[in-house]
Amino acid sequence: FCPKHYHHNRILLKLLILHLAMVFIIILLQLMEKKRLIKNWLSFVSQYLKNIVLIAVALLCHCYFYSQNLVPNNSFEDTIACPYNFNHLFLADGWFQPETDCVSDYFHICADEVPLNPYGYQYAYSGVAYTGLVLFDEFFNNASESIEIKLLSPLIQNYTYCVSFYSSLANNSKYATNAFGCVFTVDSLFKDSCDQKVSLIQQIVNMDSLITDTINWVLISGEFIASGGEQFITIGNFRNDSNTSVTVYNPSGTAAAYYYIDDISVILCDTTDTTAIEETRNENFGLQIYPNPNNRTMQLDYVLQNEQVGIL
């Protein structure tokens, strides 16, 4: 079943329960008609069961389409090699940093940097690895770091995507902030320096209070409608210092707002004017799933023994 898409689960359950109930009723009626040949009602029941399988497969494929995470290596478990220094994000398979003159960090248990590393103490939210980046620097104006990766497939125009990741403030960070943002682009994003702020629309912006939790992982999430063709996600602080809210968390800490990031997710969570189910027709069993496109309502029809039944 689809996690996070309970309306699809309810449709599937109702269909299965309805068909199974009809099968048992038909069997009972056939048994009551003693002169009925056994092979006739067995064939009848078999035809019903085939319809159930076809409907279930169609809905489960739709469910998978909705629930697939488009971020590869989303929790940084897969390594090209074990990072021999904490600032080696490029060793996390698929991930890279847009900036050319600064480095985002990569912490993995294989390098004995999880849970203890130079910036603090934190276990991974999931698995045994995570990344770390500076979102604000006291000594360098507008300086911040980012992480970027190519998605498994381009985003679809006018479809709504759910984006989420987890963050935790490093113990040795002097400052705390809420300046997290996500940018989705058709081409990979590159910056000449850490203090270069790109003038792009942030699809996901954290507007909540400053994140000061160093023990627990804090969920950052949001939704947006894709323009279509976006293939890269970049996470970082895209605001300049004057628009970045900060507070002193640890006066004796490193003069920056430094955060761990883990478990990044981009999932199709809804559509605005079309559905992911293709129009399906099966002439042998009289099964039809239509229309496509539709306004989030589909019709399922099947034909058995020249009797048509429609299910909304």
Side-chain angles (χ1 to χ4, degrees), residues 67-135 137 143-155 161 163-173 180-194 196 198 200 203-204 217 219-220 229-238 254 256 258-267:
S67 60
Q68 181 191 21
N69 187 357
L70 297 179
V71 181
N73 197 15
N74 69 305
S75 60
F76 307 95
E77 308 304 311
D78 299 331
T79 62
I80 297 174
C82 187
Y84 51 89
N85 201 338
F86 59 83
N87 59 0
H88 287 166
L89 177 66
F90 61 90
L91 291 178
D93 192 20
W95 288 94
F96 60 96
Q97 57 211 33
E99 302 86 7
T100 58
D101 65 342
C102 56
V103 291
S104 301
D105 301 320
Y106 180 34
F107 305 104
H108 199 288
I109 197 170
C110 68
D112 294 327
E113 291 183 338
V114 175
L116 181 63
N117 53 68
Y119 295 98
Y121 187 93
Q122 182 61 278
Y123 285 96
Y125 177 80
S126 61
V128 295
Y130 49 80
T131 187
L133 63 160
V134 172
L135 297 182
D137 194 299
S144 63
E145 298 170 344
S146 308
I147 57 174
E148 184 175 356
I149 196 168
K150 186 176 182 179
L151 302 174
L152 292 175
S153 61
L155 304 187
Y161 290 86
V163 182
S164 66
F165 59 91
Y166 288 85
S167 179
S168 178
L169 179 65
N171 303 84
N172 296 334
S173 177
F180 291 91
C182 290
V183 170
F184 290 83
T185 53
V186 174
D187 297 319
S188 56
L189 177 64
F190 286 101
K191 301 193 297 181
D192 293 330
S193 63
C194 293
Q196 179 187 359
V198 293
L200 294 172
Q203 286 86 350
I204 304 297
W217 289 91
L219 174 64
I220 298 174
E230 297 94 333
Q231 298 187 83
F232 293 86
I233 177 176
T234 305
I235 299 175
N237 176 14
F238 300 95
T254 303
Y258 188 92
Y259 285 85
Y260 303 126
I261 305 290
D262 199 6
D263 203 22
I264 302 163
S265 175
V266 177
I267 294 175

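For the atom pair Asp78 CG and Leu91 CG, the distance stands at 13.0 Å (nearest 0.5 Å). Note: Tyr260 OH to Leu133 CG = 11.5 Å, rounded to the nearest 0.5 Å. Distance check, rounded to the nearest 0.5 Å: CZ of Phe90 to OG1 of Thr79 gives 12.0 Å. Rounded to the nearest 0.5 Å, atoms CD1 (Ile264) and OG1 (Thr131) are 7.5 Å apart. Here OH of Tyr130 is found 10.0 Å from CD1 of Ile109. Values are rounded to the nearest 0.5 Å. Taking OG of Ser104 as the start and CD1 of Ile147 as the end, the distance is 7.0 Å to the nearest 0.5 Å.
With Glu145 contributing its side chain and Cys194 its backbone, the two residues share no donor-acceptor pair below 3.5 Å. Not a single donor-acceptor pair under 3.5 Å links the side chain of Gln122 to the backbone N or O of Ala170.
For Ile149 against Pro72, the heavy-atom pair with the smallest separation is CD1-O, 3.2 Å. Residue His88 comes nearest to Pro83 through the heavy atom pair CB-CB, 4.3 Å, listed as atom of the first residue, atom of the second, then distance.
In this structure, the side chains of Val71 and Phe165 stay at 4.5 Å or more apart for every pair of heavy atoms. Counting heavy atoms from C-beta outward, Thr100 and Phe190 have side chains that stay 4.5 Å or more apart. A 4.5 Å side-chain heavy-atom check between Leu151 and Ile233 finds at least one atom pair inside the cut-off. Side-chain atoms of Ser188 and Glu148, non-hydrogen and from C-beta on, do get closer than 4.5 Å to each other.
Relative orientation of the Tyr106 and Phe76 rings is tilted, given thresholds of 30° and 60° on the angle between their planes.
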_One pair to check against side-chain contact (heavy atoms from CB on, under 4.5 Å): Asp105 and Glu113. What are the steps and the verdict?_
CA-CA 11 Å; Asp105 301 320; Glu113 291 183 338; over 6 Å; no
*Take Trp95 and Asn73 through the side-chain contact (heavy atoms from CB on, under 4.5 Å) test and state the conclusion after the steps.*
CA-CA 8 Å; Trp95 288 94; Asn73 197 15; 3.9 Å; yes
*Please report the C-alpha distance between Leu70 and Leu155 in whole Å, then the side-chain angles of each, then the deciding distance to 0.1 Å, and finally whether the side-chain contact (heavy atoms from CB on, under 4.5 Å) criterion is met.*
CA-CA 9 Å; Leu70 297 179; Leu155 304 187; 3.6 Å; yes
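Looking at residues two or more places apart in sequence or on another chain, you find a ring pair (Phe, Tyr, Trp, His ring centres under 6.0 Å) between Tyr166 and Tyr125. For Gln203, the side chain to side chain contact (heavy atoms under 4.5 Å, CB included) partners are Val183, Phe184, Phe224, not counting sequence neighbours.
Within 6.0 Å of the OH atom in Tyr123, the count of heavy atoms belonging to other residues, nucleotides or ligands does not exceed 12.
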